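Just so we're on the same page: letters track the sequence lines, and every chain starts at 1. Everything quoted here is computed from the prediction, not taken from an experiment.
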2 protein chains.
Amino acid sequence: MTNSNLTTRDKVLAAALRLFTAKGYFSTSMRDITHESAVSTGSVYHYFKDKEGVASALYQTTVARMCSEFEAIINRHESAHDRCRAVIALLLQLAEQEPDSMSFMLYTKHREFLPLERPVCSSEPFNMMRSMVETGIQRGEIVEQDVVVASSCLFGPAIRLITSHLDGILQHPPGHYLDQLWRCSWKAVS
Amino acid sequence: MTNSNLTTRDKVLAAALRLFTAKGYFSTSMRDITHESAVSTGSVYHYFKDKEGVASALYQTTVARMCSEFEAIINRHESAHDRCRAVIALLLQLAEQEPDSMSFMLYTKHREFLPLERPVCSSEPFNMMRSMVETGIQRGEIVEQDVVVASSCLFGPAIRLITSHLDGILQHPPGHYLDQLWRCSWKAVS
DNA sequence: GTCTATACGACGATAGAC
DNA sequence: GTCTATCGTCGTATAGAC
């Protein structure tokens, strides 16, 4: 079940991610995490201050990874059109390949157990998405309007589709809808 | 704080709604609910089987109310265009006037504590939204395409904007963006 | 660094008087 | 229907050996 050439710390994080998305943070006990990860209580508390520390580390990791993916996209593409399309493609692909990460990222009310974190909406990745839209408006690719509205129109549909996928009401894998989705999303703001 | 011409049951529900949206279901104890509602433990358990029963009643009420609002919209308007616009206007207005209800409806992972309920996405109101889109496609108002994609494009932006509002990153009240938002959303699918 | 055993507190739920 | 007092459970976190 758990890949054994992971460090103890990573085994805990992987187990926690599976359990948090499956049962939710509060319904997951530290016991569950020790069992699922096959790591003892003592070791878990050696690497993490407390249960919140586990969740926090998971959150930081996910956000950091998202940021670096987005940076790569920004470097690879110049126009807002290409950047935003790449972001949506990435999101759909991640939803397909790593539904747990995606679910933890989008679906989890982190505020309930990570009071120190800002809401997902104002986390770095979302800021980057908004700033892509902003430069798109400056370059004249996107029609002049409120940035939050334009961002909602561009990325809202994709996020909605992904939550539909995570809820299991999508017939095909998310990536299957990319072209259709992008055509509509871009038409909305251009 | 609590309106005193409410029945005991309703005082409990009102307090629970405030607390659930503010702190989350699991971080809200029955003690919190008794204090906030100024109702004793015994009375709370007289009206509700357990803590889950409180959440369940709250969920049923919210969904039922949404359904009747949507039915009224369907009766008032004939075209998919008008119906969908009215739904979005309603959602924005509710987000403004009753952020707690809206937050509980959209933002809460009900599955974590209401295992019997279907996910929000497949709850009745969301089904009604999808079916409005479906008739819109049949009538030729909306371009022929997958219903889930079209629904995501039409309603996803509004939902995204509302969560932005609930996260506090909106400068104006949600209703302020209605025209802008609707123009983009409808352009995406028509 | 890893483990087992355990202390401690909090919470949900009940009992039973009024 | 409403209340107070209380019980039992469960889960987090620590202590301390190896």
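- In this model, the phosphate group of D:dT2 is not approached by any side-chain N or O of B:H46 to a distance below 4.0 Å at OP1 or OP2.
- Remark: A:K51 qualifies as a cation-pi partner of A:Y25 under the 6.0 Å distance and 45° angle criteria applied to the six-membered ring.
- Donor-acceptor pairing under 3.5 Å is lacking for the side chains of A:E134 and A:Q138.
- Salt-bridge annotation for A:R76 and A:E71: absent, with no side-chain N of the basic residue lying under 4.0 Å from a carboxylate O of the acidic one.
- At a threshold of 4.5 Å between side-chain heavy atoms, the hydrophobic network of Ile, Leu, Val, Met, Phe, Trp and Tyr places A:L181 and A:L106 in one connected group.
- Inspection of the A:D10 and A:Y47 side chains reveals no N or O donor paired with an N or O acceptor under 3.5 Å.
- Protein atom OH of B:Y47 is 19 Å distant from nucleotide atom C1' of C:dA13, rounded to whole Å.
- Among residues two or more places apart in sequence or in another chain, the side-chain contact (heavy atoms from CB on, under 4.5 Å) test is passed with A:T21 by A:L17, A:D100, A:S103, A:F104.
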Summarise protein proximity over nucleotides 4-18 of chain D in one line of letters, 5' to 3': B for base, S for sugar-phosphate only, - for none, counting protein heavy atoms closer than 4.0 Å. B------SSBB----

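- Put simply, CZ on B:R9 is 17 Å from C1' on D:dT2, counting in whole angstrom units.
- Rounded to whole Å, atom P of C:dG12 lies 12 Å from atom NE2 of B:H35.
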